[in-house]
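As a basis for the values below, the full set of heavy atoms in this structure was taken, side chains included, without hydrogen atoms, waters or symmetry mates. By convention here, the first residue in the shown sequence is residue 1.
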Amino acid sequence: MRQPSLIQQSRESGRPKSKGLKVLAGILPFLKPYRLQVVGALAALLIAAMTVLGVGIGVRKLVDEGLVAGDYGLLDEALIVLLAVVVVLAISMYARFYLVSWLGERVVADLRKAVYNRVLHLSPGYYEATKTSELLSRITTDTTLLQAMIATSATSALRNSLLLIGGLILLVVTSPMLTGLVLLLVPLVLVPIMVFGRKVRRLSRQSQDRVADVGGRVDETLTAIRTVQAFTHEPQEQASFAKAAEEAFDVAILRTRARAMLTAAVVLLVFGAITLILWLGGHEVIAGRLSGGELSAFIFYAVVVASSVGSLSEVVGDLQRAAGAIERLIQLLRVEPEIVAPDDPEPLPEPAQGAVALRNVRFCYPAYPDRPTLDGIDLSIAPGERVAIVGPSGAGKTTLFQLLLRFYDPSAGSITFDGHDLRRLDPRALRQRIGLVPQEPVIFSATAYENIAYGCDEPTRARVREAAEAAQALEFLEKLPEGFDSFLGERGVRLSGGQRQRVAIARALLRDPPLLLLDEATSSLDAESEQLVQQALERLMAGRTTIIIAHRLATILKADRIVVLEQGRIVEQGNHADLTQAGGLYARLAALQFDQGEETQPWPVSAA
């Protein structure tokens with residue numbers, strides 16, 4: 001059964017009510033470095049709005065002083081002034097469009113970097129309850145909404161607000177009586193904006209959540225595409241995706257319907273009011289209380305005001321969607337990593353020794369605070385010692401690695417590296433002295449050179465080549481079309497399992513760590529690949545403190561010491577001969593492997 005998404009969990013846990021459009025202020029810190037561009041955009045916006053309003057004055061002069069008076073000279077002058085106003089309007093609109101578009105792209109780029117930097121430093125525990133696809137949705141979809149908001153919606157709202165205010169002022173100047181009628185009709189327009197606006201915002205948030213769910217389905221399925229096809233599960237995945245897509249569609253249609261209702265209501269009320277004003281204004285002209293030019297200007301300003309109100313009603317929907325996006329992004333930016341460096345981290349000794357000690361360590365995963373995965377672990381590992389960790393699935397072997405890398409802090413007890421408590425160290429400084437070869441090697445969508453050099457501050461071509469040679473990877477890498485510059489495909493799809501493992505070993509060799517954490521992954525390899533990987537591992541382990549989650553008895557036999565875990569506790573320690581004679585858990589597991597016919601068989605239990 002699928003776990004609830006972070007967004008679903010936050011909704012179900014009673015997330016605080018949104019503060020409406022006030023949340024849009026969260027974007028201000030990202031605009032602050034670009035004050036000059038903001039001022040320029042606002043100036044261009046103001047000039048454009050004033051110019052539009054100036055067109056009304058030109059229309060009045062054109063009608064009263066040119067057409068009605070029958071003066072060709074005045075008609076020409078009015079036309080020239082009107083054309084000049086149009087030119088200024090075009091220039092100011094160009095400046096506004098360019099500057100606000102630049103600001104939108106710039107702020108979104110900065111925001112994406114800020115969000116990415118945040119998620120990159122969050123502790124692994126955070127990802128226990130968070131789907132990667134939801135984070136991707138926030139970095140891509142939500143920031144794209146913000147770009148549209150800054151470049152279009154926000155500036156449109158400001159522009160139409162200026163036109164609304166300026167138009168109302170000029171309406172009063174032109175005809176106070178007709179303006180009074182306009183103001184009486186304004187509340188009728190504001191009511192649907194307020195009612196439908198809230199509904200649009202709520203549905204916009206739901207729509208974004210459903211889109212994130214759709215992305216999650218795609219990411220999960222494509223990541224495991226071979227498994228999906230191997231188990232002929234395509235129809236079920238299609239049905240599941242179709243359901244998620246339909247749910248997103250349904251919410252989007254509800255949002256669209258609410259926005260359409262909002263727009264239709266505003267247009268009906270606004271232009272109905274204009275029709276009424278035009279009828280009353282005609283009576284005023286016939287009665288001689290208003291000139292034809294003044295009525296023309298009044299109608300122009302009324303159209304400007306009506307268009308502004310109508311545009312604002314549409315923009316409110318966009319701003320509501322942007323507010324939902326900002327809310328999600330700010331929520332993410334405010335998440336603090338659980339594992340951080342102390343204010344005054346202790347320096348590690350030089351050269352590093354690789355000594356490790358655990359003192360009465362107890363640990364519970366955040367999702368299961370009352371279920372200890374490790375309980376009362378006492379273990380000291382000397383520099384250069386090779387220690388194998390064995391035990392049934394769920395015994396706590398992988399958790400031990402997680403704690404040594406300080407992905408988590410122990411719930412009780414302490415862990416030291418070269419005599420320093422891990423809590424007093426900078427996590428980066430600690431991890432730079434640890435090499436990890438996981439059971440499932442991680443190969444990035446990059447070249448062979450970049451994959452081996454990953455994690456090395458100053459790699460050179462010669463050092464990368466030496467590491468590849470020591471890892472038994474040089475031969476197959478040189479046979480690739482472009483050698484070390486060959487692209488290895490997504491997750492190293494162009495390499496076999498043994499080849500991927502040797503690239504991971506070369507990466508660890510290049511790092512040259514004093515402490516090596518080895519989740520030995522040879523159980524799924526063929527005999528030839530296993531032999532090559534085992535040779536590479538022997539070179540990697542030489543002269544280093546090595547802790548091995550052991551899968552094969554051949555590896556265990558070469559260890560200086562064997563530590564047997566069961567239900568989070570150390571139940572046995574010693575070498576192979578002593579533990580076999582003791583007749584405990586290790587002896588039973590070893591006997592099972594011997595019964596399989598050879599010492600190189602996999603350990604008969606999962607190493608998870």
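What you find for P33 and P29 is that their closest heavy atoms are CD-O, 3.5 Å. Closest approach of A559 to A388, counting heavy atoms only: CB-CB, 3.8 Å. Here the closest heavy-atom approach between residue F30 and residue L111 is recorded as CZ-CD1, 3.2 Å. Across every non-hydrogen atom of R406 and I339, the tightest pair is O-CG2, 3.4 Å. When every heavy atom of E572 is checked against every heavy atom of L579, the shortest pair comes out as CB-CD2, 3.8 Å. Closest of all the heavy-atom pairs between G435 and P513 is N-CB, 3.3 Å.
Listed for the R500 side chain is a donor-acceptor partner under 3.5 Å among the backbone atoms of L495. Here the side chain of R118 pairs no donor or acceptor atom with the backbone of R334 at under 3.5 angstrom. The closest donor-acceptor contact from the side chain of K397 to the backbone of G391 lies under 3.5 Å. R511 places a side-chain N or O within 3.5 Å of a backbone atom of I434 that can act as its donor or acceptor partner.
Taken from CG in L358 to CG in L404, the straight-line distance is 6.0 Å, to the nearest 0.5 Å. Separation of atoms OG (S486) and CG (N451) is listed at 11.5 Å; rounding is to 0.5 Å. Summarising the geometry, atom CD1 belonging to I505 is positioned 7.5 Å from atom CG belonging to L518; distances are rounded to the nearest 0.5 Å. Taking CG from L515 and OG1 from T545, the interatomic distance works out to 6.0 Å, rounded to the nearest 0.5 Å. In this structure, I548 CD1 and I562 CD1 are separated by 10.0 Å, a value rounded to the nearest 0.5 Å. In this structure, OG in S445 is found 10.5 Å from CD in E450, a value given to the nearest 0.5 Å.
For the pair L477 and I452, the minimum side-chain heavy-atom distance is below 4.5 Å. Residues I377 and I570 meet the side-chain proximity criterion, which asks for heavy atoms closer than 4.5 Å. Between Y586 and H576, some side-chain heavy-atom pair lies under the 4.5 Å cut-off. Proximity of L379 to V356: side-chain heavy atoms (C-beta onward) are nowhere separated by under 4.5 Å. Side-chain atoms of L480 and L488, non-hydrogen and from C-beta on, do get closer than 4.5 Å to each other. Between L517 and L400, the closest side-chain pair of non-hydrogen atoms is not below 4.5 Å. Between P392 and L585, some side-chain heavy-atom pair lies under the 4.5 Å cut-off. Contact annotation: the side chain of F484 approaches that of R461 to within less than 4.5 Å [non-hydrogen atoms, C-beta and beyond].
Under the ring pair (Phe, Tyr, Trp, His ring centres under 6.0 Å) criterion, F401 pairs with no residue, sequence neighbours left out. The ring pair (Phe, Tyr, Trp, His ring centres under 6.0 Å) check on Y34 picks up W102, with sequence neighbours excluded. For T546, the side-chain hydrogen bond (donor to acceptor under 3.5 Å, both in side chains) criterion is met by no residue, not counting sequence neighbours. Under the ring pair (Phe, Tyr, Trp, His ring centres under 6.0 Å) criterion, F444 pairs with Y454, not counting sequence neighbours.
Residue pairs meeting the salt bridge (Lys or Arg N to Asp or Glu O under 4.0 Å) criterion with at least one partner in residues 417-431, sequence neighbours excluded, are E346-R424. The list of side chain to side chain donor-acceptor pair (under 3.5 Å) pairs with a residue in residues 347-360, not counting sequence neighbours, reads E350-R433, R359-S380.
The environment of E469 atom CD is sparse: at most 12 non-hydrogen atoms of other residues, nucleotides or ligands sit within 6.0 angstrom. Heavy atoms of other residues, nucleotides or ligands lying less than 6.0 angstrom from CD of Q573 number more than 12.
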Starting from the C-alpha separation in whole Å, work towards a yes-or-no answer on side-chain contact (heavy atoms from CB on, under 4.5 Å) for E478 and R465. CA-CA 10 Å; E478 287 185 330; R465 184 182 177 84; 2.5 Å; yes
E475 and K479: salt bridge (charged side-chain N to carboxylate O under 4.0 Å, His left out), yes or no, with the steps? CA-CA 7 Å; E475 182 179 358; K479 290 181 179 178; 3.5 Å; yes
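Counted by atom type alone, Y365 and T399 present one or more donor-acceptor pairs between their side chains at under 3.5 Å.
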